[in-house]
Amino acid sequence: MVKFPRNFLWGAATSAYQVEGNNVNSDWWQWENKTGKVKSGPACRHYEFYERDFDLAKSLHHNAHRFSIEWSRIEPKEGKFSKEALRHYIDVILALRRRNIEPIVTLHHFTNPVWFSKSGGWVKRRSVVRFLRYCDFLTRSLAKYVHYWITINEPTIYISHAYIFGIWPPQAKSYLKATQVEENLVSAHIKAYRLMHKIYKELNLCEPSISIAQNVMAFVPSNRDLKNRFTAYLRDRLYNLGFLERIMRHNIMRHKILDFIGVNYYTRQLVELRKFRIGNLAMDVCNDKRHHCEKNSLGWDIYPEGLYEVLLELKIYDLPIMITENGICTSDDNLRWKYIYSHLKNIHRAMRKGVHVTGYLYWSLMDNFEWDKGFTPRFGLIDINYSTYKRTVRKSARQFSQVCKTGVLE
Ligand code: FCB
């Protein structure tokens with residue numbers, strides 16, 4: 001039996017585009033319609049049904065909930081902020097507060113307003129000023145209701161999928177653009193962090209807690225070969241720590257730049273280098289079936305001990321850590337509980353080694369629109385019937401709710 005601290009945050013995460021539905025002013029919406037990809041359409045209709053969804057979260061003893069604000073709703077035209085959309089998100093936050101659920105608000109979760117993308121998106125230097133204007137507006141409007149913020153979700157995934165692999169909009173395949181986007185996202189976070197802290201001070205509110213959500217993976221060499229161990233080490237530095245390191249460089253003279261570290265962890269990568277070339281160093285994986293391990297329905301390896309390893313590594317930054325995403329898509333709900341259970345065990349193991357973990361947010365509260373993969377992957381604690389929009393709480397959600405309620409994992 002293991003016991004988590006009393007003030008631990010327990011809950012689940014979602015993102016606006018994946019659950020709300022009809023985000024017609026977003027660049028993803030435009031892209032889906034242009035490319036004929038799976039359409040997000042009404043998604044889970046969470047924009048209408050959020051109260052009911054939060055009732056379910058409450059019944060599952062969640063005391064925290066991470067969600068994102070859709071920039072394209074708040075600022076559908078450049079510089080023109082929608083009062084109606086703002087009112088909606090205030091209502092969302094108040095709905096959480098009424099249920100004693102702590103809101104954790106993400107400002108950017110992969111999607112952008114159409115006008116922003118049309119004029120060059122994150123490649124352009126002025127993207128930073130634009131993002132700051134949006135942050136300024138939201139922080140002034142929401143500061144009195146919100147303590148925890150995530151500025152940018154998974155910058156490394158966003159950069160690689162949208163600007164290197166060309167899978168997500170704007171489907172670029174350019175290292176040059178990827179570098180510019182990285183530069184701008186680093187700067188966007190740093191400036192937003194400072195601006196938001198300044199606004200809280202001006203408003204005489206106690207300091208907020210602000211971070212990014214950094215995706216991390218366990219990079220595991222497929223055997224003891226030096227070349228594989230070296231490549232795994234390199235990828236860990238690059239993909240897990242690269243963006244954080246860039247931000248931390250600004251953490252000088254005690255000017256903090258992160259109040260905690262948001263960690264999204266799902267899987268491992270088995271590293272096996274075939275050739276000493278840049279592309280291979282960055283991408284080669286081992287496909288040998290002998291390294292069998294259980295997988296989610298997208299074929300990602302289930303590797304809970306990797307979370308322990310990564311958490312220990314992050315200890316060097318000496319900051320609290322919040323697990324802002326961890327979850328599994330599967331049609332086997334017993335496997336979902338096993339996944340949650342084994343990851344929580346490893347989090348606790350890391351805590352016993354001195355890692356300060358403050359919360360765990362399962363991805364996701366409900367099944368939702370999984371980007372280019374559509375609606376097939378089922379990550380939810382709650383099942384969604386996409387014909388009737390009926391919500392059904394899964395058994396794994398109830399098992400997890402016992403941990404949320406008691407803080408004890410048997
Ligand atoms: C993460 C994303 C989230 C969701 C999960 C499965 O990379 O942040 O939106 O798609 O993966």
Side-chain angles (χ1 to χ4, degrees), residues 13 109-110 150 152-165 167-168 178 182 185 211-223 227-247 261-273 279-288 291-317 321-330 339-340 342-347 349-350 355 357 360-364 370-373 377 379:
H109 197 120
F110 298 156
I150 298 290
I152 296 158
N153 180 66
E154 299 192 346
T156 320
I157 293 287
Y158 178 69
I159 297 165
S160 58
H161 284 52
Y163 290 92
I164 297 178
F165 306 142
I167 310 170
W168 290 354
E182 188 190 34
L185 288 175
S211 182
I212 58 166
Q214 177 62 36
N215 59 287
V216 292
M217 261 194 189
F219 291 100
V220 182
S222 67
N223 55 33
K227 67 175 177 32
N228 294 330
R229 281 191 285 155
F230 169 72
T231 312
Y233 167 80
L234 209 69
R235 282 186 205 171
D236 177 57
R237 303 297 308 172
L238 189 70
Y239 300 133
N240 289 343
L241 305 182
F243 197 86
L244 281 173
E245 286 289 329
R246 299 261 335 250
I247 288 182
I261 303 178
V263 166
N264 294 359
Y265 176 86
Y266 288 89
T267 186
R268 75 167 176 192
Q269 188 182 80
L270 263 189
V271 178
E272 190 162 285
L273 186 70
N280 301 72
L281 276 164
M283 312 264 273
D284 279 1
V285 291
C286 164
N287 296 318
D288 189 340
H291 288 275
H292 175 75
C293 80
E294 281 183 300
K295 292 182 192 294
N296 74 8
S297 65
L298 287 169
W300 305 352
D301 286 358
I302 299 175
Y303 189 67
E305 51 273 52
L307 180 53
Y308 167 78
E309 287 153 19
V310 176
L311 287 176
L312 284 197
E313 196 177 8
L314 293 174
K315 222 173 136 183
I316 44 160
Y317 297 116
I321 291 175
M322 190 193 296
I323 310 299
T324 37
E325 284 180 32
N326 172 243
I328 177 172
C329 53
T330 177
Y339 183 98
I340 297 174
S342 54
H343 284 78
L344 286 177
K345 277 268 158 142
N346 278 284
I347 293 168
R349 229 175 110 208
V355 183
V357 183
Y360 175 85
L361 303 166
Y362 177 80
W363 181 273
S364 170
E370 180 49 33
W371 307 114
D372 54 308
K373 310 281 187 317
F379 275 95

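Count residues from 1 along the sequence.
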Indicate the atoms forming the closest heavy-atom contact of [X] with [Y], along with that distance.
| X | Y | value |
| --- | --- | --- |
| Ile316 | Glu313 | CG1-O, 3.1 Å |
| Ser211 | Gly262 | OG-N, 3.2 Å |
| Pro377 | Leu298 | CG-CD2, 4.0 Å |

First locate atom [atom1] of [X], then atom [atom2] of [Y], and finally report the distance between them rounded to the nearest 0.5 Å.
| X | Y | atom1 | atom2 | answer |
| --- | --- | --- | --- | --- |
| Ser342 | Ile328 | OG | CD1 | 8.5 Å |
| Ser222 | Asn287 | OG | CG | 10.0 Å |
| His291 | Cys286 | NE2 | SG | 4.0 Å |
| Ile247 | Tyr317 | CD1 | OH | 10.0 Å |
| Met217 | Arg235 | CE | CZ | 9.5 Å |
| Thr267 | Tyr339 | OG1 | OH | 7.0 Å |

By side-chain contact (heavy atoms from CB on, under 4.5 Å), which residues pair with [X], not counting sequence neighbours?
| X | answer |
| --- | --- |
| Ala213 | Arg66, Ile150, Asn153, Asn264, Thr324 |
| Phe165 | Ser160, His161, Ile167, Met283 |
| Pro221 | Asn228, Arg229, Ala232 |
| Leu238 | none |

So, using side-chain hydrogen bond (donor to acceptor under 3.5 Å, both in side chains) as the criterion, who are the partners of [X] when residues are at least two apart?
| X | answer |
| --- | --- |
| Tyr266 | Glu325 |
| Tyr239 | none |
| Thr231 | none |
| Tyr360 | Asn326 |

Using residues 301-310 as the side-chain source, report each donor-acceptor pair under 3.5 Å to any protein atom, sequence neighbours left out, with the distance given to one decimal.
| unit_1 | atom_1 | unit_2 | atom_2 | d |
| --- | --- | --- | --- | --- |
| Asp301 | OD1 | Lys295 | NZ | 2.5 |
| Asp301 | OD2 | Arg268 | NE | 2.8 |
| Asp301 | OD2 | Arg268 | NH2 | 3.2 |
| Tyr308 | OH | Lys353 | NZ | 3.3 |

Any non-hydrogen side-chain atom of [X] less than 4.5 Å from a side-chain atom of [Y]?
| X | Y | result |
| --- | --- | --- |
| Leu314 | Leu241 | yes |
| Val355 | Ile347 | no |
| Trp168 | Tyr163 | no |
| Val263 | Ile323 | yes |
| Leu185 | Phe243 | yes |

**OP:** List the steps and the verdict of side chain to side chain contact (heavy atoms under 4.5 Å, CB included) for Phe219 and Asn240.
**Re:** CA-CA 9 Å; Phe219 291 100; Asn240 289 343; 3.7 Å; yes
Salt bridge (Lys or Arg N to Asp or Glu O under 4.0 Å) filter on Arg349, not counting sequence neighbours, yields none
> Does Ser364 use its side chain to pair, donor to acceptor, with the backbone of Phe379 at less than 3.5 Å?
Replying inline: no
- prompt: Any donor and acceptor pair, going by atom type alone, linking the side chain of Asn280 with main-chain N or O of Asp284 inside 3.5 Å?
  reply: no
Residue pairs meeting salt bridge (Lys or Arg N to Asp or Glu O under 4.0 Å), one or both in residues 155-164, sequence neighbours left out, come to none
Residues pairing under salt bridge (Lys or Arg N to Asp or Glu O under 4.0 Å) where one sits in residues 212-223, two or more places apart or in two chains, turn out to be none
